[in-house]
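Chain A is the first sequence line, chain B the second, and so forth, proteins listed ahead of strands; every chain is numbered from 1. Because only heavy atoms are used, hydrogens play no part in the values below, and waters and symmetry mates are left out as well, while side chains stay in. Fair warning: this is a prediction, and the values are worked out from it, not measured in the lab.
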Number of protein chains: 2
Amino acid sequence: MNAPLIEKTCGFADSQTVAAKLAALSHPTRIEILRHLSASRSCCCREVVDHLDLAQSTVSQHLKILVDAGLVRYEPDRQRSRYEVDSDALEDVSASLAALVNSCCSGR
Amino acid sequence: MNAPLIEKTCGFADSQTVAAKLAALSHPTRIEILRHLSASRSCCCREVVDHLDLAQSTVSQHLKILVDAGLVRYEPDRQRSRYEVDSDALEDVSASLAALVNSCCSGR
DNA sequence: ATCGTCTATCGCCGATAGACGATGAACGCT
DNA sequence: AGCGTTCATCGTCTATCGGCGATAGACGAT
């Protein structure tokens, strides 16, 4: 998966790539999860569940989506899980969107 | 709909609002449409259809989603339609995401 | 008046998303 | 060994998405 590389060199990723990352961010629960992950640096699944009032399986699913999108790092820690925001990836997405928006607004 | 106002004043919109706008952007076809709209300033539906190789009804749907999200302005022009990128709204979304990302990455 | 074009909308469909509960594996503790 | 906790995964259900064709309305041209 070298998409971020392409992104770095040419200034914007292809529509497919950008859309996929934005899709991972396009759910209120997942945004809330990101906020919580960044606020408390510990971040096991249970913690997020307590914070969110959703079923544990549901939260686990959302976390998986974020991990699959490359926005959150995951590391099993004993019987716990450890989730952590991937700041670089997140900034990448933001930059991609900014590049897209910029290229769309350059004409004025 | 005063969400953008809130966004302006407090630095970031609520998760729901951000997610909704990102959802509108989280489809490759819609990103492609945005690119096309910004490239050619004229933008009737038919034009987009010719550019995209999708059914007219499908394209119309995607355009509607973008309009409903407030990212594209719409104005009927005779029997044609006129779609135009709303640069301000687009920059708003980008800023919202940047704010979110920033608040998530401030800890390092 | 009629025809052709451009749109938006409707109805339909297959696929996917998002929620849940149940389950079993892994692990710490007693 | 046995119990409680944490977690990922599976199966199920429902709602929504994304695609299409068909249709009707609006309009220009003939």
Side-chain angles (χ1 to χ4, degrees), chain A residues 14-37 40-85, chain B residues 14-37 40-85:
Chain A
D14 63 302
S15 305
Q16 183 87 35
T17 306
V18 182
K21 305 239 176 190
L22 291 181
L25 288 172
S26 68
H27 195 286
T29 297
R30 291 197 284 272
I31 291 184
E32 211 52 53
I33 288 178
L34 279 181
R35 289 210 169 106
H36 185 68
L37 288 189
S40 68
R41 295 187 53 85
S42 106
C43 338
C44 71
C45 178
R46 177 66 201 286
E47 246 183 324
V48 184
V49 171
D50 291 343
H51 179 64
L52 280 181
D53 192 45
L54 279 175
Q56 177 266 330
S57 55
T58 304
V59 173
S60 187
Q61 270 300 318
H62 281 302
L63 283 167
K64 181 175 166 54
I65 290 173
L66 288 170
V67 170
D68 287 348
L71 304 179
V72 164
R73 275 190 301 272
Y74 164 69
E75 188 182 7
D77 178 18
R78 316 267 178 176
Q79 87 276 27
R80 306 231 165 189
S81 55
R82 178 156 308 272
Y83 290 98
E84 194 177 349
V85 170
Chain B
D14 64 300
S15 305
Q16 184 86 36
T17 305
V18 182
K21 305 238 175 188
L22 291 181
L25 288 172
S26 67
H27 194 288
T29 297
R30 291 197 284 273
I31 291 185
E32 211 53 52
I33 288 178
L34 279 181
R35 289 211 168 105
H36 185 69
L37 287 190
S40 69
R41 295 186 55 84
S42 107
C43 337
C44 72
C45 179
R46 177 66 202 286
E47 244 182 325
V48 184
V49 172
D50 290 343
H51 178 64
L52 281 181
D53 191 44
L54 279 175
Q56 179 267 329
S57 55
T58 304
V59 173
S60 188
Q61 269 302 317
H62 281 302
L63 283 168
K64 180 175 166 54
I65 290 173
L66 288 169
V67 170
D68 287 347
L71 304 179
V72 164
R73 276 190 300 271
Y74 164 69
E75 188 181 8
D77 178 17
R78 316 268 178 176
Q79 88 275 28
R80 306 230 166 191
S81 54
R82 178 157 309 273
Y83 290 98
E84 193 176 348
V85 170

Give the nucleotide from the list [options] with an atom nearest to the side chain of [X].
X       : options                : result
A:Ser57 : D:dC20, D:dC10, C:dG18 : D:dC10
A:Arg80 : D:dC7, D:dT9, D:dG28   : D:dC7
A:Thr58 : C:dA19, D:dG28, D:dC20 : C:dA19

Does OP1 or OP2 of [N] have a side-chain N or O of [X] closer than 4.0 Å?
X       : N      : result
B:His27 : D:dG19 : yes
B:His62 : D:dG19 : yes
A:Tyr74 : D:dC7  : no
B:Arg78 : D:dG28 : yes
A:Ser81 : D:dC7  : yes
A:Tyr83 : D:dT6  : no
A:Arg46 : D:dT6  : yes
B:Ser60 : C:dT7  : no

Take the protein atom [atom1] of [X] and the nucleotide atom [atom2] of [N], then report the distance between them rounded to whole Å.
X       : N      : atom1 : atom2 : answer
B:Lys64 : D:dG19 : NZ    : P     : 17 Å
A:Asp53 : C:dA19 : CG    : P     : 12 Å
B:Leu63 : D:dC17 : CG    : P     : 16 Å
A:Gln79 : C:dA26 : CD    : P     : 13 Å
A:Leu66 : D:dA8  : CG    : C1'   : 16 Å
A:Asp68 : D:dT9  : CG    : C1'   : 13 Å
A:Gln56 : C:dA19 : CD    : P     : 14 Å
B:Gln16 : C:dG18 : CD    : P     : 12 Å

What closest approach, in Å, do B:His62 and B:Thr29 show between heavy atoms, and which atom pair accounts for it? CD2-CG2, 3.6 Å

Over all atoms of both residues, closest heavy-atom pair of A:Leu66 and A:Ile33: CD1-CG2, 3.9 Å

Check: B:Arg73 and B:Val67 side chains under 4.5 Å, non-hydrogen atoms: no

Under 4.0 Å, heavy atoms only, any strand: does B:Arg30 hit a base, just the sugar-phosphate, or nothing? sugar-phosphate

At under 4.0 Å between heavy atoms, what does A:Gln61 touch on the DNA or RNA strands: base, sugar-phosphate, or nothing? nothing

Could you tell me which nucleotide pairs with [N] by Watson-Crick or G-U wobble geometry, both distances under 3.5 Å, or answer none if nothing does?
N      : value
D:dA29 : C:dT2
D:dC7  : C:dG24
D:dT23 : C:dA8

Step by step, would you call A:Arg30 with A:Ile65 a side chain to side chain contact (heavy atoms under 4.5 Å, CB included)? CA-CA 9 Å; A:Arg30 291 197 284 272; A:Ile65 290 173; 3.5 Å; yes

Look up atom CZ in B:Arg46 and atom CD in B:Gln56, then write down how far apart they are to the nearest 0.5 Å. 9.5 Å

Kindly assign one of parallel, tilted or perpendicular to the pair A:His36 and A:His51, based on the angle between their ring planes and the thresholds 30° and 60°. parallel

